[in-house]
> 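A single structure is presented below for examination.
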Amino acid sequence: RLSKTSDFGSGCSADGNILIDDTIYDRFVDQLVLEGGYLVTDEEKDLLERALWAPDGSRTIETVAQPASKLAVEAGFAIPEDRLFIIVEQEDIGKDHRFSGEKLTSLLAVYRYHGFEDALDKVRRIYQVAGAGHSCGIYSFDDDHIDRLVGGQRQAGDDLAADRVLHDRACDPLRREPGGASEPQH
C-alpha cells in the first residue's frame with residue numbers, strides 16, 4: 001500500500017504491477033481492498049485507460065502522481081474518498097496494453113499467475129514494456145525461486161535486467177518498517 005500512496009506512486013520504484021499466485025489471488029486482492037485499494041469494474045478500467053494515456057500512448061500529465069479519487073474523477077467516475085489507490089485486474093501484457101507499463105500514479109495492476117514459470121514469463125514481458133533497469137521484488141520462501149529470479153536478471157542481455165531485486169520488501173525505498181516512522185501525510 002505505501003508504495004502506491006507515498007508520493008502518489010510517482011517514483012519509478014513504486015510497485016506498479018503485482019503478480020499473484022492463483023492459489024491466493026482472490027484473498028490477496030481482498031486484502032489490497034482492505035488496505036485502501038479500490039478495485040475497478042471493466043467499464044471503469046476502460047475509462048481510466050482513456051484518461052491516463054493520450055492517443056499516442058504518452059501519459060496525460062494531469063493524472064501523474066495524483067490521488068486515487070482524482071484519477072477516478074479525471075476518468076469520469078467517483079470512488080469513496082477513503083480509497084488510497086486504484087486496482088486494475090490485468091491479463092494482457094505488451095505495448096498495446098498500457099496498464100502493463102509504467103503508471104507513475106496511485107494505480108496498481110494485478111496479474112494472476114499459474115506456477116513460477118508463468119510468473120517469470122510475465123515479469124520478463126512486463127520488463128519488455130516498461131524497460132530494463134527498474135526494480136523487482138519477490139515474496140517467497142522458496143530459495144530456488146529467489147535464486148532463479150536474481151540469477152536470471154544478472155545474465156548479460158537478459159530482458160529481466162532489473163536495477164535491483166528485493167526479497168520480501170516493497171520496491172519503494174520510502175517504505176516504512178512496521179512500528180517505524182509514521183506514514184506520509186498528504
Side-chain angles (χ1 to χ4, degrees), residues 1-55 57-94 96-113 119 122-123 126 129-130 134-139 166 169-178 181-186:
R1 168 175 61 115
L2 284 177
S3 177
K4 288 284 55 161
T5 59
S6 173
D7 296 328
F8 301 116
S10 62
C12 66
S13 62
D15 299 307
N17 299 293
I18 295 184
L19 284 66
I20 307 164
D21 188 282
D22 178 59
T23 61
I24 63 167
Y25 182 87
D26 293 328
R27 289 178 294 154
F28 196 99
V29 171
D30 289 345
Q31 187 62 43
L32 287 172
V33 171
L34 289 174
E35 291 288 327
Y38 177 81
L39 181 61
V40 297
T41 65
D42 289 340
E43 180 182 345
E44 291 167 335
K45 180 179 174 180
D46 290 341
L47 292 169
L48 276 167
E49 184 171 1
R50 287 195 294 272
L52 269 64
W53 286 276
S58 62
R59 286 284 283 109
T60 56
I61 193 67
E62 61 273 4
T63 63
V64 172
Q66 297 299 319
S69 57
K70 183 170 182 197
L71 294 179
V73 168
E74 289 286 335
F77 63 95
I79 64 173
E81 283 296 320
D82 68 341
R83 299 294 82 192
L84 303 173
F85 59 98
I86 292 177
I87 305 164
V88 173
E89 291 184 294
Q90 188 69 15
E91 293 178 19
D92 298 315
I93 299 169
D96 294 333
H97 307 286
R98 294 179 175 155
F99 289 110
S100 64
E102 208 167 21
K103 289 155 282 291
L104 300 174
T105 199
S106 54
L107 186 141
L108 178 67
V110 294
Y111 296 82
R112 181 185 306 256
Y113 72 85
K122 283 179 168 61
V123 170
I126 288 169
V129 174
H134 289 274
S135 301
C136 182
I138 182 171
Y139 289 81
L166 300 168
R169 303 187 142 282
C171 288
D172 188 335
L174 299 176
R175 178 177 181 265
R176 273 48 170 200
E177 294 298 325
S182 63
E183 293 187 15
Q185 300 297 311
H186 299 290

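Just so you know, these numbers use all the heavy atoms, side chains as well, and skip hydrogens, waters and symmetry mates. Residue indices begin at 1 and follow the sequence shown.
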> Do S69 side-chain atoms and E81 backbone N/O form a donor-acceptor pair below 3.5 Å?
no

> Between S100 (side chain) and G94 (backbone), is there a donor-acceptor pair under 3.5 Å?
yes

> For H97 versus Q90, what's the shortest heavy-atom pair and its separation?
CB-NE2, 3.8 Å

> Please report the closest heavy-atom contact between L39 and V33, naming both atoms and the distance.
CB-CG2, 4.3 Å

> Using side-chain heavy atoms (C-beta onward) and a distance below 4.5 Å, is I93 in contact with N17?
no

> What distance do L107 atom CG and L71 atom CG have between them, rounded to the nearest 0.5 Å?
6.5 Å

> Taking R50 as the fixed residue, which of L52, L47, L48 is the one that meets the side-chain contact (heavy atoms from CB on, under 4.5 Å) rule?
L47

> Whether the side chain of K45 engages the backbone of V88 through a donor-acceptor N/O pair (distance < 3.5 Å, no angle test) should be reported.
no

> Under the criterion side chain to side chain contact (heavy atoms under 4.5 Å, CB included), I'd like the reasoning laid out for W53 against R59: C-alpha separation, chi angles, the key distance, then a yes or no.
CA-CA 4 Å; W53 286 276; R59 286 284 283 109; 3.1 Å; yes

> Could you please spell out the steps behind the side chain to side chain contact (heavy atoms under 4.5 Å, CB included) verdict for F28 and I18?
CA-CA 10 Å; F28 196 99; I18 295 184; 4.2 Å; yes

> What closest approach, in Å, do I24 and R27 show between heavy atoms, and which atom pair accounts for it?
CG2-NH2, 2.9 Å

> Between CG of L84 and CG of L32, what distance do you get to the nearest 0.5 Å?
11.5 Å

> Does D42, at its CG atom, have more than 12 non-hydrogen atoms belonging to other residues, nucleotides or ligands within less than 6.0 Å?
no

> Run the side-chain hydrogen bond (donor to acceptor under 3.5 Å, both in side chains) test against E74 and tell me which residues pass, sequence neighbours left out.
none

> Does a sphere of radius 6.0 Å around CD in E49 hold more than 12 heavy atoms from other residues, nucleotides or ligands, not counting ones at 6.0 Å or beyond?
yes

> Show the nearest heavy-atom pair for residues F99 and A109, with the distance to one decimal.
O-CB, 3.6 Å

> Evaluate the side chain to side chain contact (heavy atoms under 4.5 Å, CB included) criterion for residues F77 and E43: first the C-alpha distance (whole Å), next the side-chain angles of each, then the deciding distance (0.1 Å), finally the verdict.
CA-CA 10 Å; F77 63 95; E43 180 182 345; over 6 Å; no

> Report, as yes or no, whether the 6.0 Å neighbourhood of atom CG on L34 holds more than 12 heavy atoms from other residues, nucleotides or ligands.
yes

> Do the non-hydrogen side-chain atoms of Q31 and E35 ever get within less than 4.5 Å of each other?
yes

> Between Y113 and D21, is there a side-chain heavy-atom distance shorter than 4.5 Å?
yes

> To the nearest 0.5 Å, how far apart are CG in L19 and OH in Y25?
10.0 Å

> Using every non-hydrogen atom in the two residues, find where A68 and R83 come nearest and quote the distance to one decimal.
CB-O, 3.9 Å

> Can you check whether Q66's main-chain N or O pairs, donor with acceptor, with S106's side chain at less than 3.5 Å?
yes

> Going through the distances and angles, do V40 and E89 end up as a side chain to side chain contact (heavy atoms under 4.5 Å, CB included)?
CA-CA 8 Å; V40 297; E89 291 184 294; over 6 Å; no

